[in-house]
Amino acid sequence: MKAPLWGEFRSQKRKSHMLGPIQRIETPMHRFPEGEEVDYVIVGVGAGGGVVLQRLARAGFRVIGFDAGPFWDTERDWVSDEKGAHNLYWNDLRITAGQHPLAFGANNSGKGVGGGTVHWASFAPRLHPSDFRIRSEDGVGFDWPITYSDLKPYYELLELELPVSGPSYFPWGDPHGYPYAPHPMGGVGDVLIQGCTKLGIRVSAGGPVAILEGSRADRPHCIYRGFCIQGCKVGAKASTLITHVPDAIGNGAEIRANCMVSRIHLGENRRVTGVSYFDPEGREHFQKAKAVIVAGYSIETPRLLLNSACPGFENGLANSSDCVGRYLMAQAGNVVLGRFEELVRMYKAPPAHALTEEFYETDPKRGFARGFAIQTVGPLPIAFSKQMMTAKGAWGWGLRSVMMDYNHWAAFGFLGEILPNAENRVQLAEEKDQFGIPIAKVTFNLYDNDKKLIEYGKNKTMEVMWAAGAQEVVQEARYAHLVGAARMGDDPATSVVDQFGRTHDITNLFICDGSIMPTQGSANPGLTIMALAARVADCLISQGEKIFNSNERDMQRPPMRRDLSPPDTWGHGMPTFSS
Amino acid sequence: MNYQNAQGDRRPVDPRTGKPIGPMAQPGYYPGFSTLSQQKFWDAKTRDVVLDRVNNVPPIRFFSPEEAKLLEAICDRVLPQDDRDQAHKIPIVPQIDKRLYENSHDGYRYVDMPPDRDAFRLGLRGIQEIAQQQYGSGFLDLGPREQDEILQSLHDGKPSAGHEIWKKMAVHHFWLMLVSDCAEAYYSHPWAWDEIGFGGPAYPRAYMRLERGEAEPWESEEERYEWEPPANSLSGKYELVAGRVEHFGSPAQGGTH
Ligand SMILES: Cc1cc2nc3c(=O)[nH]c(=O)nc-3n(C[C@H](O)[C@H](O)[C@H](O)COP(=O)(O)OP(=O)(O)OC[C@H]3O[C@@H](n4cnc5c(N)ncnc54)[C@H](O)[C@@H]3O)c2cc1C
Ligand code: SF4
């Protein structure tokens, strides 16, 4: 915990690194000399990793954030082009198996500083209070070791940090309001509002999304260009790359981009000592650390733990419960598409701009547990052509013909809760990647409740599309938002980490990303992942040196550190409704 | 149904006159709309990437000349462009070849699939075997109807030959990959954006007319015309891949939310 040393910003030839047209990092980034022990190594600077990195740096810890992908210079690297955005995704090979195999790549995770928040649509709803207790309330899934009220102050904090735009009254779950103005509607939002209103379904217009409706500090407002999933060059859409990483660097954190962590090392006394990683030239190094935080996404996190098996942990590091890689979840993300007589032009406006959570909670009349949300999406031409291929079976002239009608179509994303199951899991395949590390094999099956929920939910979503006046409605199966695979819980026999992200098996090894979520609700996970990360950070900071030199596990709830937010968090926005 | 369209004529037809349509420079309902004409309003990096795609068609490096020729004939049916004139055909095979040459993929492979490179080679062989078994000649020597029948059998998941090959890879996964690759090559091209009325890159200028499908001042209004696929094609109708009705079936291949 020394004051930072300033060194040269080596990751770019130029001194200034652009994060949008205005925001830039001028300060040279700190470099920890090779061989020096740091306080924390964080594996993966995405949604969870970015937030915890920023907090630790601001609190004065010596921390390195590793990311397997680039440290994006958004002006020079990103494009307003669907195909050209291919390199934002995790494109290293994964094997997908099971009766309902998941698609990865553009469907799932990011690679590069900012992780998945670089290409997320940035819907940022909270979980509902019921989500934390579905075992107790509905007899399915798993209860969280924390409740909604533990996370609520962190939701409020992150809604200011990103910040989140939305209506000043959001009626579902724990009703609340948003501090920044809702967005104007695009064509798809109009269709959702029309359909919902016809059917008497409440709908939230203009958010919640982590997109700026007006300019703030060095970040411009949204220009409604619709390329959110291709990376927001404008800087209006929040990603940890632009919201948290600059502040982390300003406070002495080092980012080691294009560095793939291959193994976590176990030393004496059941404590980890650091990580091995491959630098951009493919050379292997060891980085010593007093504690390690894994935040590599629900596939890479379990993969790294499984690949770090060693004497004492033959089944994978921190895997005495055999839960590492298990209880992987994806949300059912069927896309429902409707054709309208009038033009829609769904490529304009952020894909995420309206939603309803009217069907979120369990309704015994429906014959299954839990529920779903319906949201706007705005597929660009390539994505839309593939949707027509699966939803209508289009090819040849049929594909050309329906594509000529692109501007007549609107699309909704159904977002349904799939329950955790031990057999939905990440394992290691025989095949190896370019570094010689075994790749991940992911097995995914739907079970009875999931199938009933999807059947009901996709029909309801189609009903809304018809009610809006569509002439034709089709849909395709899809899965989105992987979470779980290293879940948190109170019982070390049935979970991997405790409520502060600390592995039950190893006191100086933490997990801080979507993997620790025991269930997923029907809310997009990003905000929850970041709120959990801020809470994990408060625990690490309050325990200070104890984490580095003792195996004692202090379960006291840490004080909330509102003073560690990035600049510009406070003193803006609307006073909001809070129950 | 019209029969004026000769066996060999692969162009779509005007249903009122029965006459073939095209070839023309720009099919679609937005005559005169040109995304490329707006390029000075795009950011430099986007302009570089899009212009490179238009101006520098990659050479064939992965496929042999024979394979490339066969794939060309297949892609001509999977994504037919007979309504486009020669100067405005959008290159498909060079994009697929580039992807395979660079061994780039979407970050996953189905457990019942070999690596993409092998899958394409196997798929080409499988298609030839079906052609031999069904018609006693190679795919290249067949008319459009026969070619479509073969592709339709892949679409339906019921190939009549090449069973050794389809044991090594799932037919419908190969089909989805083939159609996806063709669609990606075509709909990433600015001429295809013009055809379907997609506004294209919009940074830093922005879109300002978000509702009711209104056109930006630089976009075009829709002017529809009637057309039908040629009578000798099978791809004009819509049937789910591998006849799947179960909605958990063919999973989506693109990212949305
Ligand atoms: C198209 C799309 C749209 C989405 N839209 C939304 C949305 O609207 N709202 C929402 O809430 N969520 C959305 N998501 C999901 C959201 O992006 C993810 O849930 C979230 O980013 C996951 O956070 P994470 O911290 O678990 O991992 P990530 O954000 O994926 O970060 C993991 C990082 O770790 C790095 N990494 C992994 N392994 C290693 C290693 N071994 N060494 C070094 N680095 C490594 C990766 O490069 C990556 O940068 C969307 C996702 C997609 C694909
Ligand atoms: S629509 Fe808005 S938030 Fe999305 S990419 Fe464009 S400017 Fe960014």
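Please read all numbers here as calculations on a predicted model, not as lab measurements. Note on naming: letters A, B, ... go to the chains in the order of the sequence lines (proteins, then strands), and numbering restarts at 1 for each one.
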Distance-minimising heavy-atom pair for A/Ser80 and B/Thr46: N-OG1, 2.9 Å
Nearest atoms (heavy-atom pairs only) where B/Gly197 meets A/Arg345: O-NH1, 3.4 Å
Heavy-atom pair with the smallest gap, counting every atom of A/Tyr347 and B/Glu219: OH-OE2, 2.6 Å
Chain B contact via A/Trp90 - side chain, backbone, both or neither, heavy atoms under 4.5 Å: backbone
Leading residue by heavy atom contact count with chain A [cutoff under 4.5 Å; candidates B/Arg212, B/Arg205, B/Lys237, B/Glu222]: B/Glu222
Full working for side chain to side chain contact (heavy atoms under 4.5 Å, CB included) between B/Gln95 and A/Lys83: CA-CA 11 Å; B/Gln95 296 293 352; A/Lys83 186 179 165 94; 4.0 Å; yes
Test log, rule side chain to side chain donor-acceptor pair (under 3.5 Å), inputs A/Asn407 and B/Tyr29: CA-CA 10 Å; A/Asn407 282 341; B/Tyr29 313 140; over 6 Å; no
Under 4.5 Å from a heavy atom of chain B, the part of A/Ala391 involved: backbone
Contact origin within B/Pro115 toward chain A - heavy atom pairs under 4.5 Å: neither
Engaged part of A/Val234 at the chain B interface, taking heavy atoms whose separation is under 4.5 Å: both
Under 4.5 Å from a heavy atom of chain B, the part of A/Phe227 involved: side chain
Working for side chain to side chain contact (heavy atoms under 4.5 Å, CB included), residues B/Tyr225 and A/Met404: CA-CA 11 Å; B/Tyr225 58 82; A/Met404 284 194 196; 4.2 Å; yes
Reported CG-to-OH distance for the pair A/Asn91 and B/Tyr108, which is rounded to 0.5 angstrom: 10.5 Å
Which portion of A/Asp190 sits near chain B, non-hydrogen atoms under 4.5 angstrom: side chain
Considering all heavy atoms, the nearest B/Ser188-A/Ile382 contact: CB-CD1, 3.7 Å
Contacting region of A/Leu380 [heavy-atom separation from chain B under 4.5 Å]: side chain
Qualifying side chain to side chain donor-acceptor pair (under 3.5 Å) pairs, either residue in residues 49-58 of chain B, two or more places apart: A/Asp81-B/Arg53, B/Asp52-B/Asn56
Where B/Ala183 and A/Ser385 come nearest, the two heavy atoms and their spacing: CB-OG, 3.4 Å
Residue among B/Glu214, B/Met208, B/Met113 with most heavy-atom pairs under 4.5 Å to chain A: B/Glu214
Which portion of A/Trp78 sits near chain B, non-hydrogen atoms under 4.5 angstrom: backbone
Geometric cation-pi criterion A/Lys348 and B/Tyr207, 6.0 Å radius, 45° cone: yes
